[in-house]
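Below is one structure; the comments refer to it alone.
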Amino acid sequence: MQRFVFAFIAGGLFGAGLFLSGMTDTDKVQGFLDFFGAWDPTLAFVMGGAMLPMAIAWRIAKRRESAVLGNALPGPASARIDGSLIAGSVMFGAGWGLVGICPGPAIASLSYGGPMLFFFIAAMLGGMALAPKVRERLDKWVPAE
Amino acid sequence: MDIDWVWGLFGGLLIGMGGAVFLLFNGRIMGASGIIGGLVDRSAGRSWPERVVFLAGVVLLPVLLWPLKPGTDTHITGNIALLLIAGLLVGVGTRLANGCTSGHGVCGMSRLSVRGIVASLSYIGAGAITVALLRHLLGVI
């Protein structure tokens with residue numbers, strides 16, 4: 001039960017932050033990516049603000065054996081740079097730049113994003129369902145070592 | 001407006017606090033694409049209710065906080081083809097890369113993860129090139 005309470009608190013903070021920061025406004029997101037136009041730095045402030053509590057949390061996590069509710073904490077970060085990390089991130093970035101929406105804000109603006117948002121979300125969910133098959137193909141071209 | 005960056009910083013702090021709660025209490029990394037994607041491809045297994053509750057919080061809080069910023073507009077494009085192509089790219093891409101702006105960006109970079117930093121530079125670079133080409137060269141977006 002407690003896991004659900006804290007999952008809701010975490011999701012709530014995430015949704016509140018995305019809404020209040022302006023990150024569900026596609027103009028502000030595309031404005032951040034528009035280095036050759038009227039550059040909008042808001043996203044950098046959001047990212048900076050978010051990394052602060054998160055960096056503290058990682059420091060606390062390092063000193064702990066397990067999470068407060070008893071489950072395991074994530075292991076150390078992998079440093080493996082592979083084709084799917086780069087190819088996937090480039091694909092994601094292209095889609096992100098195209099319309100100014102990424103997965104978090106898509107969900108956060110569900111209640112006020114209007115009907116057009118559903119086209120994006122439907123395609124995103126479809127893409128997520130296809131991803132394991134795409135990864136298989138990619139591994140055949142560029143075998144993971 | 002001048003106060004945009006203040007809202008940005010404040011909202012960012014809330015996002016980071018959400019990630020901190022999810023990490024320290026639930027032992028999980030707060031990555032939107034991973035949380036959603038695990039439900040879509042069923043790799044979530046028994047963690048699915050926790051993910052659904054998390055997402056419910058993401059949807060619900062903007063509704064409750066609406067009076068703080070009434071009339072917030074997403075300025076989403078009306079071009080359906082563009083939305084479908086972008087959604088597909090975001091869906092496949094984030095799952096191949098195992099993360100998006102929240103997982104690789106907020107959670108990864110804040111622990112100086114090499115994968116998080118490389119992924120973030122890649123998607124910001126690709127996003128910037130996309131906007132440069134399609135806005136300034138072709139005038140499509």
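Hydrogens, waters and symmetry mates play no part in the numbers below; they use all other heavy atoms, side chains included. Chain naming here is simple, since letters A, B, ... match the order of the sequence lines and numbering starts at 1 in each.
If you tally non-hydrogen atom pairs under 4.5 Å between each of V53(B), D41(B), I29(B) and chain A, the highest count goes to V53(B). The greatest number of non-hydrogen atom pairs below 4.5 Å with chain B, out of T42(A), I121(A), V99(A), is found for V99(A). Among A32(B), G108(B), G116(B), the residue making the largest number of heavy-atom pairs under 4.5 Å with chain A is A32(B). Taking chain B as the reference chain and counting heavy-atom pairs below 4.5 Å, the highest number among L43(A), L130(A), L73(A) is found for L73(A). In terms of heavy-atom pairs under 4.5 Å with chain A, the best-connected choice from I124(B), T77(B), L60(B), N98(B) is I124(B). Among P74(A), S111(A), S66(A), A79(A), the residue with the largest count of heavy-atom pairs under 4.5 Å with chain B is P74(A). Interface check for chain B: of the options C102(A), A50(A), A67(A), G95(A), the most heavy-atom pairs under 4.5 Å are formed by A50(A). Highest contact tally toward chain B, considering only F14(A), F92(A), F8(A), is held by F92(A) [criterion: heavy-atom pairs under 4.5 Å]. Taking chain B as the reference chain and counting heavy-atom pairs below 4.5 Å, the highest number among S84(A), A44(A), G48(A) is found for S84(A).
The backbone N or O of D34(A) sits nowhere less than 3.5 Å from a side-chain atom of W39(A) that would complete a donor-acceptor pair. In this structure, the side chain of S89(A) does not engage the main chain of I86(A) through any donor-acceptor pair within 3.5 Å. Between the side chain of R28(B) and the backbone N or O of R51(B) there is no donor-acceptor pair closer than 3.5 Å.
By the 4.0 Å N-to-carboxylate-O rule, R115(B) lies close enough to D82(A) to be salt-bridged with it.
Proximity to chain A involves both the backbone and the side chain of T74(B), based on heavy atoms less than 4.5 angstrom apart. Proximity to chain A (any heavy atom under 4.5 Å) is shown, for L88(B), by both the backbone and the side chain. In this structure, the portions of L117(A) lying under 4.5 Å from any heavy atom of chain B include both its backbone and its side chain. Contact annotation for I101(A): both backbone and side-chain heavy atoms come within less than 4.5 Å of a heavy atom of chain B. With a 4.5 angstrom heavy-atom cutoff, T72(B) touches chain A via backbone and side-chain atoms both. For P76(A), the part lying under 4.5 angstrom from a heavy atom of chain B is the backbone only. For L68(B), the part lying near chain A is the side chain, with the backbone staying farther off; criterion is any non-hydrogen pair under 4.5 Å. N71(A) touches chain B through its side chain: at least one heavy atom from C-beta onward sits under 4.5 Å away, while N, CA, C and O do not. Both the backbone and the side chain of L18(A) have a heavy atom closer than 4.5 Å to some heavy atom of chain B. The contact between A16(A) and chain B is made by backbone and side chain atoms together, counting heavy-atom distances below 4.5 Å. At a 4.5 Å heavy-atom cutoff, the contact between V114(B) and chain A is made by backbone and side-chain atoms alike. Using a 4.5 Å cut-off between heavy atoms, M47(A) contacts chain B through its side chain alone, with no backbone atom that close. T24(A) touches chain B through backbone and side chain together, each having a heavy atom under 4.5 Å away. The parts of F25(B) that come within reach of chain A are both its backbone and its side chain, each placing non-hydrogen atoms under 4.5 angstrom from that chain. For chain A, the nearby part of L134(B) is the side chain; its heavy atoms alone come within less than 4.5 Å. Only the side chain of P132(A) has a heavy atom closer than 4.5 Å to any heavy atom of chain B. Heavy-atom distances place both the backbone and the side chain of I107(A) under 4.5 Å from chain B. Contacts of M109(B) with chain A are made by both backbone and side-chain atoms, with heavy-atom separations under 4.5 Å. Within the 4.5 angstrom heavy-atom criterion, only backbone atoms of D73(B) (N, CA, C, O) approach chain A. Interface remark: L55(B) contributes backbone and side-chain atoms alike to the contact with chain A (heavy atom separation under 4.5 Å).
The nearest pair of heavy atoms linking L13(A) to L14(B) is CB-O, 3.5 Å. Looking at every heavy atom in both residues, A10(A) comes nearest to G18(B) through CB-O, 3.4 Å. Between G71(B) and W66(B) the shortest heavy-atom distance is N-CZ2, 3.2 Å. The heavy-atom pair separating V59(B) from L110(A) by the smallest distance is CG2-CD2, 3.9 Å. Here the shortest heavy-atom pairing between S113(B) and A77(A) reads CB-CB, 3.8 Å. Closest heavy-atom contact between P103(A) and T94(B): CG-CG2, 4.1 Å.
Within 6.0 Å of CZ on F6(A) lie more than 12 heavy atoms contributed by other residues, nucleotides or ligands. The neighbour count for K69(B) NZ, taken as heavy atoms of other residues, nucleotides or ligands under 6.0 Å away, is above 12. No more than 12 heavy atoms of other residues, nucleotides or ligands shown are found within 6.0 angstrom of CZ on R59(A).
Taking the six-membered ring for Trp and thresholds of 30 and 60 degrees, F36(A) and H136(B) have ring planes more than 60 degrees apart, a perpendicular arrangement. The aromatic rings of Y112(A) and F19(A) stand perpendicular to each other, their planes meeting at an angle above 60°, with 30° marking the opposite boundary.
For the atom pair CE (M54(A)) and CE (M30(B)), the distance works out to 7.0 Å, reported to the nearest 0.5 Å.
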